[in-house]
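Written below as C-alpha cells is the structure these notes are about.
Numbers for residues simply follow the sequence, beginning at 1.
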Amino acid sequence: MTLTPLVYWAQRHEDIYLRVELIDAQNIDVSVHENVLHFRAQGRGAKGENEYAFNLEFHLPVKPQVSHKSTQRQVNITVRKEQRGWWDRLTLQERKPVFLAPDFDRWLDESDAEMEIREKEERKNRLKASRSQEDRFISLKSVFLFTYNLVQFLGFSWIFANMTVRLFIFGQDSLYDTFHTISDVMFFCQILAAVEVLNAAFGVVRTGVVPTLIQVVGRNFILFIIFGSLEEMHNKPVVFFVFYLWSAIEIFRYPFYMLGCFDTEWKTLTWLRYTIWIPLYPLGVLAEAVAVIQSIAIFDKTKLFSIPLPKAIGTSISFSHVLYIYLVLMFLGLCINFRHLYKQRKRRFRTKKRKAN
C-alpha cells in the first residue's frame, strides 16, 4: 500500500524548497508535469518501511525541470518558479494538504527574503571587488616579475655571448681581460639580483629565503670583494670561468621564470632549468673557491681589509683569516643549495609525472 510522507516547504522569490521526511530513500522518482509535482520513493517514513508518494498542484506556474538530493534522513527537492515573485500559498487549492507543513528551518517572510537577496548581492559585489583587486595585483606582479627576469636574461645573455665570441676570436688571450670587458654588466646584474631576496622574503615568489640569500650574497662577495677590490685579480683567468659558469646557468633560469609569469611552459627549457645546474653549480663554486684561494696571498701582502690591533700586541688580523672561514661556509652553502635545488627538481618532475598519468 502506498503511503503519504510528511512534506515541509519554504520559498524564495525564485525557488520552492520541499523537504520530504523519508529515511534511506531509494528508487526516487520526482517530476513536474502540467504544473503538478509527482513524487514516489521507497524508504522509512512516519509509518515505517514502505512506498511513499504524493502529488502537489502548484499555486502558480513552475518550470518542468526539478532537482532533488537525497540524504540519509530526507529528500530535498528544489522547484524553479516560472516567474520571480512571492506566493501567498503553495498549492492551487486554498486548503493545504494535511501532509504539508511550513519548513521553519528555512522559512522567511517576503521582507526577510528580500533582505537576504540584498545581502547576497552585497556579498557578491564585495567578492567581485576583492577578486578584481586580486586580479590587478596578480597582473602587476606578473608584469614586474616578467620585466625583472627579462632584464636579467638580457644581461646574462650578453655576458655569455660576448665571452663566447671573444673566446673564439682571441682564444686564450680573452681569459685575461674578462673583468675589464664584462664586469660593468656583471656588477649591474648581481646588484639587481638582490631583488630576488626581497621577492622571497615578502612572498612575491614562493621560494626559500635562505638558499636565495646564500647565492646572492656569495656571488656578490666574490664579485665585489675578491675581484672588485683587488686589481691583481682582474687579469686572472679564474674570472673568466666564474663569469662564464654564472651566466651559463642564468640564461636558462631566467627565461623559464619569464614564461612562468604567464603560466606558459617549454618542456625543453624546463628540463634544462632543472638539470643544467647539476654539473655547472658545483663547478661554479669550485671556480669561486679557486678565486678565494688565489686572493689570500694578495690580501696578506696588501693588508687590505685587515683589522689593526693595539701597538702593545704589535700585529693585525689579516682579512685572509676571514677568507679561510668563508671557504668553509662556501662548502656548507653548496650543500644547502644543492639539496634545495635537488628537492625542487624532484618535486617538479614528480608532479609532471603524476599529471601525465
Side-chain angles (χ1 to χ4, degrees), residues 152-153 155-157 159-160 163-164 167 174-176 178-179 182-183 185-197 200 207-230 232-254 256-257 271-299 305 319-348:
Q152 290 287 61
F153 170 65
F156 281 106
S157 295
I159 293 171
F160 185 82
M163 294 177 68
T164 302
L167 182 62
S174 68
L175 304 181
Y176 299 99
T178 299
F179 187 86
I182 303 297
S183 60
V185 180
M186 184 61 79
F187 279 133
F188 172 79
C189 290
Q190 284 307 131
I191 291 172
L192 191 60
V195 173
E196 296 181 29
V197 180
T207 189
V209 179
V210 174
T212 306
L213 184 65
I214 289 174
Q215 177 169 308
V216 173
V217 172
R219 283 189 178 183
N220 283 340
F221 182 85
I222 298 296
L223 180 61
F224 288 94
I225 304 299
I226 304 300
F227 294 153
S229 64
L230 296 175
E232 294 86 344
M233 292 295 296
H234 292 180
N235 297 325
K236 298 284 187 182
V238 71
V239 178
F240 174 89
F241 292 105
V242 170
F243 284 8
Y244 204 72
L245 289 167
W246 286 358
S247 59
I249 293 174
E250 305 302 16
I251 60 174
F252 298 110
R253 188 167 71 97
Y254 285 115
F256 170 79
Y257 290 145
W271 185 87
L272 287 170
R273 183 263 178 271
Y274 285 102
T275 306
I276 200 73
W277 63 266
I278 296 175
L280 295 185
Y281 185 67
L283 288 175
V285 174
L286 178 61
E288 293 173 22
V290 171
V292 172
I293 292 171
Q294 289 181 352
S295 71
I296 289 176
I298 302 173
F299 277 111
F305 302 136
F319 187 68
S320 60
H321 299 317
V322 176
L323 296 181
Y324 287 121
I325 297 173
Y326 182 75
L327 286 172
V328 177
L329 295 177
M330 281 181 66
F331 175 75
L332 294 176
L334 171 64
C335 295
I336 293 172
N337 272 12
F338 202 94
R339 182 170 176 267
H340 171 71
L341 291 169
Y342 177 75
K343 279 186 174 181
Q344 278 189 330
R345 186 180 193 278
K346 188 176 180 181
R347 184 165 56 245
R348 180 74 182 192

If you take all heavy atoms of [X] and [Y], which pair is closest and at what distance?
{"X": "V238", "Y": "A287", "result": "CG2-O, 3.4 Å"}
{"X": "F299", "Y": "S229", "result": "CZ-OG, 4.0 Å"}
{"X": "T207", "Y": "A200", "result": "CG2-CB, 3.7 Å"}

Are any side-chain N or O atoms of Q190 and backbone N or O atoms of V216, one a donor and one an acceptor, separated by less than 3.5 Å? no
All side-chain hydrogen bond (donor to acceptor under 3.5 Å, both in side chains) counterparts of [X], not counting sequence neighbours:
{"X": "T164", "answer": "Y244"}
{"X": "S320", "answer": "D300, S318"}
{"X": "Y257", "answer": "R273"}

Does any part of the side chain of [Y], heavy atoms only, come nearer than 4.5 Å to the side chain of [X], both counted from C-beta?
{"X": "V322", "Y": "F305", "value": "no"}
{"X": "F156", "Y": "M186", "value": "yes"}
{"X": "F256", "Y": "F153", "value": "no"}
{"X": "L175", "Y": "V239", "value": "no"}

Sequence-distant partners of E196, salt bridge (charged side-chain N to carboxylate O under 4.0 Å, His left out), two or more places apart: R253
Holding to side-chain contact (heavy atoms from CB on, under 4.5 Å), I want the full list of residues that pass it with V292, two or more places apart in sequence or in another chain. I222, I226, L323, Y326, L327, M330
Applying side chain to side chain donor-acceptor pair (under 3.5 Å) as the test, list every pair that has at least one member in residues 281-290; sequence neighbours left out. W246-E288, Y281-N337
Aromatic rings F187 and F179: how do their planes relate, parallel, tilted or perpendicular, breaks at 30° and 60°? perpendicular
